[in-house]
Visitor: 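This structure is in C-alpha cells; I'll ask about it shortly.
Chain naming here is simple, since letters A, B, ... match the order of the sequence lines and numbering starts at 1 in each.
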Amino acid sequence: MAEPPAWIVLGRLDGVPAAALLDASGQERERITLTDEGLPAWVAAAEAAPAPPRWVWSDATVWYPRLLAAGVRVGRCHDLRLCHAILRDSTLVPAAEDLRRATLWDASPVADSAGASTLFALDDVEGSSGAPDGLPAAVEEFGRQRDALTAAADPGRLRLLLAAESAGALLAAELQAAGLPWDPASHDRILTEVLGERPAGGGLPARLQDAATRVRRELGDPGASLDSQPKLLRALHRAGVLVESTSRWELSEHDHPVVAPLIEYKKLSRLLSANGWAWLDEWVHDGRFRPVYVPGGVVTGRWASSGGGALQLPRQLRRAVRSDPGWLLVVADVAQLEPRVLAAMARDEKLADAAHGRDLYSGIVDSGAVDTRQHAKVALLGAMYGATTGESGRLVPRLRRAYPRAMALVDDAARVGEEGGVVSTWLGRSSPPPSPDWRASQVRASEMEASRADETRARRSARDRGRFTRNFVVQGTAAEWALAWLADLRGRLAAIAPVDASAAAPRSGPVFQAVPHLAFFLHDEIIVHTPQDRVDAVVYAVRESAASAGRLLFGSFPIDFPLDLKVSRTAEKE
DNA sequence: TACTGGTGCGCG
DNA sequence: AAAGCGCGCACCAGTA
C-alpha cells in the first residue's frame with residue numbers, strides 16, 4: 001500500500017503469525033503471512049519506518065516477550081485484552097453490548113510451560129472468530145473497540161487511557177526482560193547480619209533460634225509452637241498474656257517479658273520466610289530480580305504482581321538493589337500522589353494551593369485547617385479511605401470545612417457506591433457493579449419482614465462498598481497519572497543515545513544493555529538503571545515526564561507533582 | 001493429597 | 001487491634 005499503515009494487527013492464521021495492515025480510518029489494506037522465525041525481523045523493519053505503526057495484538061504477554069528476547073523493541077501498541085476490559089465496563093461507552101458479548105476477551109492469560117502467556121481458546125464462545133490470538137478475532141475485536149470509542153461520551157479521555165494502559169503492557173514486559181539489578185552478596189550480608197549465618201542443614205539461623213528460645217523460656221513452655229497462631233495464642237493465655245490476637249499491635253500494648261522476644265522472633269521469621277535465602281535462590285538469577293508484573297491487575301487500574309512479591313520489597317532489602325559497575329540508579333517517587341490527584345480532579349484550588357511546591361501536609365497546616373503535619377496526614381488519609389472513628393474520623397470534618405470541593409468529590413463517590421452505583425476515574429475507568437449477593441442483601445433489608453440482623457448486615461456492606469468507591473476514584477486516577485508518567489518517560493529514555501559495547505550491561509538483555517531503561521515500578525515510584533554518562537539526561541527525562549503527565553491529565557489546572565529523586569548505586573531510602 | 005479460609009505482615 | 005483503601009505471600013488448620 002502506498003501510505004504506511006497506521007495500525008498493524010498481529011495474529012495467527014493457520015498456525016503461523018500474520019499481519020493485517022490498516023490505514024488511518026481502520027480499513028484493512030493488506031494481509032501478510034509471516035513465520036515465527038521471521039516475525040521479529042519483520043516487526044523491526046516496520047518499527048524502523050519514519051512513522052512506525054501502532055501494533056495491535058491480543059495480549060502483550062503473548063507477543064512481546066518473544067520480540068524482546070530477539071532484540072526487538074516496539075514504540076506503541078494497542079493491547080486488546082486490557083482495552084477490552086476498560087471499554088466493556090466504562091460508563092463513558094454508551095453501548096457496550098457487543099463488547100460484553102465477546103467474552104473470549106475476558107479470559108485471563110495463563111503462562112505456558114515456556115513461561116510465555118497464552119489465552120484460553122474457547123471454541124464455543126459466541127461472537128468470536130476462534131482463539132483471541134487468531135488474526136480474524138483480533139481484527140474483529142479491534143473494530144468493536146474502535147466503534148465503542150467513536151460512540152463514547154468523551155473519546156479523548158478514553159483514548160488517552162487506552163494508550164496509557166497499552167504502554168503499561170509494553171513496559172511490564174520490558175521491566176521483566178531488563179530486570180532489577182540485584183546483588184546477591186549484599187542480600188546475603190543483610191540476611192547474615194540480621195538472622196545469623198545461613199544454616200547448612202535444616203535448622204534455623206542462630207539469631208532466629210535464639211529469639212525462639214527466649215520466647216519459650218518466657219512462656220515457660222519449652223515446646224511452644226510459635227508459628228501456629230491458635231497454639232501461640234493459647235500459650236500466651238497460659239502465660240497470662242490475655243490478648244485476642246497475636247498481632248504485633250496488640251502484643252506491644254502488653255507489659256510482659258515475652259513481648260519483646262516474640263516481636264523480634266516474628267520480625268526475623270518474616271524476613272526469612274518472605275525474602276530469605278530460598279527467595280534469593282528462586283528469584284534472583286544472573287544479578288537480576290525479574291518479577292512478573294500484571295498491568296491492570298487491580299480493579300482500580302493499579303498493577304498487581306505475581307510471584308516474587310515485587311510489590312512488597314521490604315525497605316530492609318533495598319541495599320541489595322545495586323547498579324552494575326559503571327551504571328547508576330535513578331530512584332524517584334511522587335510525594336503524596338493521591339491527594340494531589342484529588343485536588344486536581346475536584347478542581348479544588350485551595351487544596352492545590354496547599355500542595356503547591358512543597359509538602360502538602362505542611363501546606364494544610366499552614367492554611368490553618370489542622371494544627372500538626374501528622375494530623376493533616378491522618379485526616380487526609382481518613383477522608384480518602386472513609387475513616388469514621390478514632391483520631392482520623394474526628395479530624396475529617398475540619399478538612400471538609402477547609403476543602404469542600406475535594407471532600408465533596410470523595411463523599412459523592414462514597415454515596416454512589418453505597419446506593420449500588422458505579423463510579424469512574426478521571427480518564428473513564430469504571431468501578432465494577434455490585435455483586436448479585438450485595439444487591440440481594442440490600443433488597444432483603446428493605447423488605448417489611450426484614451430482621452434487625454438483615455438491616456445491620458446490609459447497612460454494613462453498603463458502607464463497605466462506599467469506602468471502596470470513595471477510594472476507587474482517587475486510587476484509580478493516581479494509577480492513571482502514574483501510567484502517563486511511565487509512558488512518557490519510556491519514550492524519552494528510548495530517545496537517549498546508547499553507550500558503546502564496552503560500557504554495556506549485558507545482563508539487562510539484548511534490548512536494554514546499552515541504554516538507560518526502567519528497572520522497577522511500584523504505584524508511585526520508579527527506578528531507572530542507566531549508564532553513568534547518561535545520568536543527567538535521565539534525571540531531566542524523569543522530571544519532564546512527571547510534569548508532562550500532570551498537563552496531559554489535568555491541562556492547565558495549577559497542580560504540581562514534585563518528585564523525591566535520588567541518584568545512587570543502591571535503591572536505599574534515607 | 002489438594003483445596004480453601006483465616007491470620008499476620010510486607011508494600012503503596 | 002487497628003481506626004480506614006488496594007494488593008501478594010507464607011503459614012497453619014480444617015476439609016474434601
Visitor: Base, sugar-phosphate, or nothing: which does A:R248 touch, judged by heavy atoms less than 4.0 Å apart?
Guide: sugar-phosphate

Visitor: Can you say whether the rings of A:W182 and A:H187 are parallel (under 30°), tilted (30 to 60°) or perpendicular (over 60°)?
Guide: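 It falls in the tilted class, 30° to 60°.
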
Visitor: Provide, to the nearest angstrom, the distance between the NZ atom belonging to A:K377 and the C1' atom belonging to C:dC5.
Guide: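 My rounded result for the distance is 15 Å.
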
Visitor: What contact category does A:E253 fall into here, base, sugar-phosphate, or nothing, at under 4.0 angstrom with non-hydrogen atoms?
Guide: base

Visitor: Students often mix this up, so state it plainly: with edges at 30° and 60°, are the rings of A:F554 and A:W426 parallel, tilted or perpendicular?
Guide: tilted

Visitor: Pick the C1' atom in B:dG5 and in C:dA3, then give their distance to the nearest Å.
Guide: 24 Å

Visitor: Is it the case that A:S435 and A:D437 place a side-chain donor and acceptor less than 3.5 Å from each other?
Guide: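 Checked: A:S435/A:D437 side chains show no N/O donor-acceptor pair below 3.5 Å.
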
Visitor: Tell me, please, the opening and closing nucleotides of DNA chain B, 5' to 3', among those with an atom under 4.0 angstrom from a non-hydrogen atom of chain A.
Guide: B:dT7 to B:dG12

Visitor: If the sugar-phosphate is the primed atoms plus P, OP1 and OP2 and the base is the rest, what is the B/S/- string for nucleotides 6-16 of chain C, using protein heavy atoms under 4.0 Å?
Guide: BSBSSSSS---

Visitor: Answer whether the closest heavy-atom distance between the side chains of A:T570 and A:V321 falls below 4.5 Å.
Guide: no

Visitor: Please convert DNA chain C into dot-bracket. A pair counts if it is Watson-Crick or G-U wobble with both distances under 3.5 Å; crossing pairs go in [ ] and bases paired with another strand get |.
Guide: ....||||||||||||

Visitor: Check every strand shown and say whether A:G393 touches a base, only sugar-phosphate, or nothing at a heavy-atom separation below 4.0 Å.
Guide: nothing

Visitor: Can you tell me how the ring of A:W283 sits relative to the ring of A:F289, calling it parallel under 30°, perpendicular over 60° and tilted otherwise?
Guide: perpendicular

Visitor: Between the side chains of A:H375 and A:E391, does any donor sit under 3.5 Å from an acceptor?
Guide: yes

Visitor: Round to the nearest Å and state the distance from A:L395 atom CG to C:dA3 atom P.
Guide: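 It works out to 17 Å between those atoms.
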
Visitor: For a quick test of your reading: what N or O donor-acceptor pairs under 3.5 Å do the side chains of residues 230-241 of chain A make, sequence neighbours left out?
Guide:
from, atom 1, to, atom 2, distance (Å)
A:H237, NE2, A:V243, O, 2.7
A:R238, NH2, A:D221, OD2, 3.4

Visitor: Could you tabulate the donor-acceptor pairs under 3.5 Å formed by side-chain atoms of residues 333-344 of chain A, not counting sequence neighbours?
Guide:
from, atom 1, to, atom 2, distance (Å)
A:D333, OD2, A:K573, NZ, 2.8
A:Q336, OE1, A:R340, NH2, 3.1
A:Q336, OE1, A:L360, N, 3.1
A:Q336, NE2, A:D359, OD1, 2.6
A:E338, OE2, A:R302, NH2, 3.4
A:R340, NE, A:A335, O, 2.8
A:R340, NH1, A:A355, O, 2.8
A:R340, NH1, A:D560, O, 3.1
A:R340, NH2, A:R358, O, 3.0

Visitor: Determine the interatomic distance between P on C:dG4 and the same-named atom on C:dG8; round to the nearest Å.
Guide: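 Pairwise P distance, C:dG4 against C:dG8, rounds to 23 Å.
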
Visitor: For A:S367 and A:Y403, does a side-chain donor sit closer than 3.5 Å to a side-chain acceptor?
Guide: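 A donor-acceptor contact under 3.5 Å links the two side chains.
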
Visitor: DNA chain C: A:L381 or A:E250, which has the more 5' nearest nucleotide?
Guide: A:E250

Visitor: Would you jot down, in residue-number order, the residues of residues 400-420 of chain A having a non-hydrogen atom under 4.0 Å from DNA chain C?
Guide: none

Visitor: Just checking, is any N or O donor in the side chain of A:T469 or A:S431 under 3.5 Å from an acceptor N or O on the other one?
Guide: no

Visitor: Can you tell me if A:S461 and A:Q442 form a side-chain donor-acceptor pair at under 3.5 Å?
Guide: yes

Visitor: What orientation do A:W481 and A:W485 show, parallel under 30°, tilted 30 to 60°, or perpendicular over 60°?
Guide: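 Ring orientation, 0 to 90° scale: tilted.
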
Visitor: Does the pair A:D348 and A:R405 meet the rule for a salt bridge (Lys or Arg N to Asp or Glu O under 4.0 Å), with working shown?
Guide: CA-CA 5 Å; A:D348 189 321; A:R405 292 189 67 130; 5.9 Å; no

